[in-house]
K.L.:
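Quick one: structure below, then a few questions.
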Amino acid sequence: MWDELKSLAAERDGRRIDALFAEDPGRAQAFSIASDGMLFDFSKTQIDAEVSAALVALAEGAEVAARRDAMFAGQKINETEGRAVLHTALRNLDGAPVLVDGEDVMPEVLETLTRMEALATEIRSSGITDVVNIGIGGSDLGPKMGAIALAPFHDGPRCHFVSNVDGADIADTLKRCPPESTLFIIASKTFTTIETMTNAKTAWDWLEAQGVGTDGKFVALSSNLEKAAEWGIPESRVFGFEDWVGGRYSMWGPIGLSLMIAIGPEDFRTFLRGGQAMDRHFRETPLAQNMPVMLALVGIWHNQILGHATRAVLPYDNRLARLPAYLQQLEMESNGKSVSIDGADLARNSGPVVWGEPGTNGQHAFYQLIHQGTRVVPCEFMVAAKGHEPDLAHHHALLIANCLAQSEALMRGRSLDEARDKVAGAFEGEELERQARHRVFPGNRPSTTLIYPQLDPETLGRIVALYEHRVFVEGVILDINSFDQWGVELGKELATALGPMVTGDEPADGKDGSTRQLLDFVHRNG
Ligand SMILES: O=P(O)(O)OC[C@H]1O[C@](O)(CO)[C@@H](O)[C@@H]1O
């Protein structure tokens, strides 16, 4: 099927997307999927009925449906770590049994959720003014992205997120927090991550130095209950989760506690319900109408078939400002691999480089390259039909107009003739030609748009689950294990070894010339 897709791509080389709309008045509807009030429109791509059928056949050939069912059934599909992959159990609110090694995990999942809700309710009414989530990667990006996204629903204490081992992060945060009314959440699946442990210790020392003490000031979220216990945090304030919740898939459970405290248990449940609705859609809808499946297949068409190495995620929703960063971990840590599940070299490129910024800001920064650069960057637009500021509806109308204008401009472009007309009054002769050429937009650049009524907890849940399943489908088709992350290990090991060389406690013998030179600079200037 890969070869067939390559030849379909070759046959379509140079064919204009706008011409496809002219040929087929029903194109927009035919290449869109509506589900639970959201609409995913992928009609502004070169995908036509034949390509779409071949992409779906690719997914069928990779047994996406069977692998999906194996994931939901608790099979150990994370094969390099021998683990099940069951973040979906965290949003399985009706409690239908989910078995791991023959045991139903749901009673414990729901009990933990209830305990989290009790603590969140207590904290929201206890005079705590500030909550600081200390975590990194999956223990930071999800709740932080969610807290920004759901700002209109934020009626709990202020929430801060400290992740970087750079002392600037915690120092700047602590300046904004009153010690007597601040709660710290240590969020770490392993409870060994150096950044998180270093920041947690600094917070601990700070409270002691302020004369406030640490009693009742810490909560721990982890799979490593033994390590959490070493901190002396009372059991009632430790929330465990199992190893079948991957870090970057963990915001639905205990790692989401800061978000739950911010928006309240009820809205957090609504967020879970949104994720659950997307799970239902993913499990029950035929592949060709399945939103995560088609989102993944559009990505495969652009990356593995057409060779576009990056993808821009462009939310026209300022509160989704951290979504691109969240998706970078979700997608690149999951599918940035060079070996297939059986350990052989990957037959094709791994997942794309994902990047982005909210619109309209990005328009005034990097869109120049997207429109006129030599490389094609497939764009993923997102926008809400309605904002949360009824008095500022004119802002929202402008926002939507800009979002739609960008996908139209990318598709249509501007021809040399049109560019000549633009500058005809100002230049003539050779200069007119030269000036006109600078104003040509090649167009025919693909984009998709995800549109939803309004960014609320349920919609956010749907969007996050949509992308999780997209990553899963892409991983299955590429034959990648999307649930391990061995590629982060080497840097961690080398950083541990370099620590004493930075402080001067050990010589830098054996290091390469560049590393020695950089260490030398630090020693002379630090
Ligand atoms: O939650 P932990 O164990 O502190 O890990 C934080 C992050 O570090 C990583 O392991 C990568 O270094 C991520 O996968 C994870 O989300």
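Counting starts at 1 for both ligands and their atoms, following the listed order.
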K.L.:
Tell me if a side-chain donor or acceptor on Q328 pairs with a main-chain N or O of V354 at a distance below 3.5 Å.
P.N.:
yes
K.L.:
Taking the six-membered ring of F72 as reference, does the cationic atom of R283 (NZ for Lys, CZ for Arg) lie under 6.0 Å from its centre and within 45° of its axis?
P.N.:
yes
K.L.:
I need the contact type for V488 against ligand 1. Using non-hydrogen atoms and a strict under-4.0 Å cut-off, is it side chain, backbone, both or neither?
P.N.:
side chain
K.L.:
Is there at least one pair of N or O atoms, one from T193 and one from ligand 1, spaced under 3.5 Å apart?
P.N.:
yes
K.L.:
At a 4.0 Å threshold, what atoms of ligand 1 neighbour a non-hydrogen atom of Q329?
P.N.:
13 (C), 14 (O), 15 (C), 16 (O)
K.L.:
Looking only at the aromatic ring of each residue, does the gap between the centers of W252 and F271 stay below 6.0 angstrom?
P.N.:
yes
K.L.:
Can you check whether F42 and H302 have ring centres sitting under 6.0 Å from each other?
P.N.:
no
K.L.:
May I ask which of R248, M197, K189, E333 has a heavy atom nearer to atom 9 (C) of ligand 1 than the others do?
P.N.:
E333
K.L.:
Decide whether a cation-pi geometry holds between R311 and W355; the criteria are a distance under 6.0 Å from NZ or CZ to the six-membered ring centre and an angle within 45° of the ring axis.
P.N.:
no
K.L.:
Is it the case that over 12 heavy atoms from other parts of the model lie below 6.0 angstrom from the CD atom of E489?
P.N.:
yes
K.L.:
How far is atom 3 (O) of ligand 1 from its nearest protein heavy atom, and which residue and atom name does that atom have?
P.N.:
T190 OG1, 2.6 Å
K.L.:
Quick one: nearest non-hydrogen protein atom to atom 10 (O) of ligand 1, plus distance?
P.N.:
K492 NZ, 3.8 Å
K.L.:
Tell me which protein heavy atom sits closest to atom 16 (O) of ligand 1, plus the residue, atom name and distance to 0.1 Å.
P.N.:
G138 N, 2.7 Å
K.L.:
Got the closest protein heavy atom to atom 6 (C) of ligand 1, with its distance?
P.N.:
I136 O, 3.2 Å
